[in-house]
Amino acid sequence: MIKLLLVEDDANLSYIIQGGLEDMIGDYEVRIAHNGQEGLDAYRKEKPDIIVADIEMPVMDGYEMVQRLRKIDKDIPILFSSARVSPKDVVKGYELGVDNYVKKPFLPEELDAHIRALLRRKPRMEEKDETYQAGLYTLDVTHATLSHSSGFSQLLTPREAGILEMLFRTPGEVVRREVILDKFWNTEDDYFASRSLDVFVTKLRKLLSVDERVKIKTVKGIGLMLVLSDE
């Protein structure tokens, strides 16, 4: 049984989604919250497997809710369900820690497919027990942590840790963009997925800026590569 927290201020729509998942699809237990504050309270009480949230809501919108959630839980999958899918809105959501988007209106089967794709991704990250070295950095995949010998340490989201793992595992070799996108983005919208990857790469470059000898290089038209320098 999948425990799902649905954060949606439209009461009619929330009950339609709940019925579609619980009655039509099955294998779902849906808890409904009607704004971001209720969503945070329900998260603490219910400990759901996944959260599906609207963006525009009273009291507290989806952006603020996700921002607060990510301070206490880096791992729970979060899916935005919204009609707001402009590049600006999508990038903002990904920067705050949303895992994916589904555009309203949608069928229960479509939402179910997005949910199961995110839940399949989570255990793969948890099963790993590996660390990788690059310069003075250590990437701990199990605990999703990037640390530096100077004492710097940063907790990563599962997607950030996964992208870094692909690069740290094969330094000096190009990892193709389509391989990264296929592994970490479950969407048919190539433009939004590509923009989102760029946002993640920018953030990861900042995290690696402590050591100038370790860089993520863009190989134009092909992909990304971790470059290690002795200088």
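Positions are given from 1 along the sequence.
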Exercise for the section: Find the distance between CG (D54) and OG (S82) and round it off to the nearest 0.5 Å. Expected result: 5.5 Å
Fill in the blank from the handout: Closest non-hydrogen atoms of P77 and L118, given as atom of the first, atom of the second and distance, are CB-CB, 4.1 Å
Practice task
Report the C-alpha separation of I222 and R176 in whole Å, then their side-chain angles, then the decisive distance to 0.1 Å, and conclude whether the side-chain contact (heavy atoms from CB on, under 4.5 Å) test is met.
Solution key: CA-CA 6 Å; I222 302 177; R176 301 187 69 87; 3.6 Å; yes
Practice task
Assess whether atom NZ of K3 is packed by more than 12 heavy atoms of other residues, nucleotides or ligands within 6.0 Å.
Solution key: yes
Practice task
Would you name the heavy atoms of K47 and R44 that are closest together and state the gap between them?
Solution key: CE-O, 3.6 Å
Exercise for the section: Treating Ile, Leu, Val, Met, Phe, Trp and Tyr as nodes and any side-chain heavy-atom pair under 4.5 angstrom as an edge, say whether L181 and V219 lie in one connected cluster. Expected result: no
Handout entry: L139 and L156, any side-chain heavy atoms less than 4.5 Å apart
Key = yes
Handout entry: Flag if over 12 foreign heavy atoms under 6.0 Å of OH, Y15
Key = no
Exercise for the section: Decide, yes or no, whether a salt bridge links K104 with E8 under the criterion of side-chain N to carboxylate O below 4.0 Å. Expected result: yes
Exercise for the section: Determine whether I72 and I51 fall in the same hydrophobic cluster, where Ile, Leu, Val, Met, Phe, Trp and Tyr are linked whenever their side-chain heavy atoms lie under 4.5 Å apart. Expected result: yes
Practice task
Evaluate the side-chain proximity of V201 to L224: yes if any heavy-atom separation is below 4.5 Å, no if none is.
Solution key: yes
Handout entry: Note, I76 side chain near P48 side chain (heavy atom, < 4.5 Å)
Key = yes
Practice task
Would you check, one step at a time, whether the test side-chain contact (heavy atoms from CB on, under 4.5 Å) holds for V141 with Y132?
Solution key: CA-CA 8 Å; V141 178; Y132 297 91; 3.8 Å; yes
Exercise for the section: With rounding to the nearest 0.5 Å, note down the distance linking OH in Y101 to OH in Y94. Expected result: 7.0 Å
Practice task
Would you mind checking if R70 and D99 are paired as a salt bridge, meaning a charged N to carboxylate O distance below 4.0 Å?
Solution key: yes
Exercise for the section: Before giving the answer on ring pair (Phe, Tyr, Trp, His ring centres under 6.0 Å), spell out for Y63 and F80 the whole-Å C-alpha distance, their side-chain angles and the decisive distance to 0.1 Å. Expected result: CA-CA 9 Å; Y63 290 133; F80 265 162; 5.8 Å; yes
Problem - Short side-chain donor-acceptor distance under 3.5 Å, R177 and T218 - result: no
Got a list of side-chain donor-acceptor pairs under 3.5 Å for residues 22-33, not counting sequence neighbours?
unit_1: E22; atom_1: OE2; unit_2: V30; atom_2: N; d: 2.8
unit_1: D27; atom_1: OD1; unit_2: M1; atom_2: N; d: 3.2
unit_1: Y28; atom_1: OH; unit_2: D112; atom_2: OD1; d: 2.6

Handout entry: Side-chain heavy atoms of L164 within contact of L146, under 4.5 Å
Key = yes
Exercise for the section: Write down the atom of V214, the atom of A134, and the distance for their closest heavy-atom approach. Expected result: CG2-O, 3.7 Å
Exercise for the section: Treat each ILVMFWY residue as a node, draw an edge where side-chain heavy atoms are under 4.5 Å apart, and state whether F152 and F168 are in one component. Expected result: yes
Fill in the blank from the handout: Value for CG (L5) from CG (D49), rounded to nearest 0.5 Å, stands at 11.0 Å
Handout entry: L207 CG to S147 OG distance, which is reported to the nearest 0.5 Å
Key = 11.5 Å
Problem - Which atom of D9 lies closest to which atom of E56, heavy atoms considered - result: OD1-O, 3.5 Å
Fill in the blank from the handout: Nearest heavy-atom approach of S153 to T145 is OG-CG2, 3.3 Å
Handout entry: Test side-chain contact (heavy atoms from CB on, under 4.5 Å) applied to V175 and M166, R169, K183, M225, the passing residue
Key = M166
Practice task
Taking the side chain as every heavy atom from C-beta outward, state whether K215 and L208 have any pair of such atoms under 4.5 Å apart.
Solution key: no
Exercise for the section: To the nearest 0.5 angstrom, please state how far the OG1 atom of T157 sits from the NZ atom of K203. Expected result: 6.0 Å
Exercise for the section: Give a yes or no answer on whether the side chain of R195 reaches the backbone of V91 with a donor-acceptor pair at less than 3.5 Å. Expected result: no
Handout entry: Residues forming a ring pair (Phe, Tyr, Trp, His ring centres under 6.0 Å) with Y137, sequence neighbours excluded
Key = H148
Exercise for the section: Can you measure from CG (L197) to CD1 (I163) and round to the nearest 0.5 angstrom? Expected result: 5.5 Å
Handout entry: Contact check, side chains of N35 and M65, non-hydrogen atoms, under 4.5 Å
Key = no
Practice task
Kindly give the heavy-atom pair with the smallest separation between V210 and S150, and that separation in Å.
Solution key: CG1-OG, 4.2 Å
Exercise for the section: Please answer: with hydrophobic residues joined when any side-chain heavy atoms are less than 4.5 Å apart, are V174 and I216 in the same cluster? Expected result: no
Problem - For D61, all residues meeting salt bridge (charged side-chain N to carboxylate O under 4.0 Å, His left out), sequence neighbours excluded - result: none
Exercise for the section: Determine yes or no for a side-chain-to-main-chain donor-acceptor pair under 3.5 angstrom, with E165 supplying the side chain and A161 the backbone. Expected result: no
Practice task
Give the C-alpha distance, both sets of side-chain angles, the deciding distance and a yes or no for side-chain contact (heavy atoms from CB on, under 4.5 Å) between Q37 and R68.
Solution key: CA-CA 10 Å; Q37 185 58 61; R68 294 190 183 192; 4.1 Å; yes
Exercise for the section: Could you walk me through whether R213 and L136 pass side-chain contact (heavy atoms from CB on, under 4.5 Å), step by step? Expected result: CA-CA 9 Å; R213 296 172 301 173; L136 298 177; 3.3 Å; yes
Practice task
Would you check if L79 and L111 make a side-chain contact, meaning some heavy-atom pair closer than 4.5 Å?
Solution key: yes
Problem - Co-membership, hydrophobic cluster, residues F106 and V52, 4.5 Å side-chain - result: yes
Problem - Pair D73, Y43: side-chain N/O donor-acceptor within cut-off below 3.5 Å - result: yes
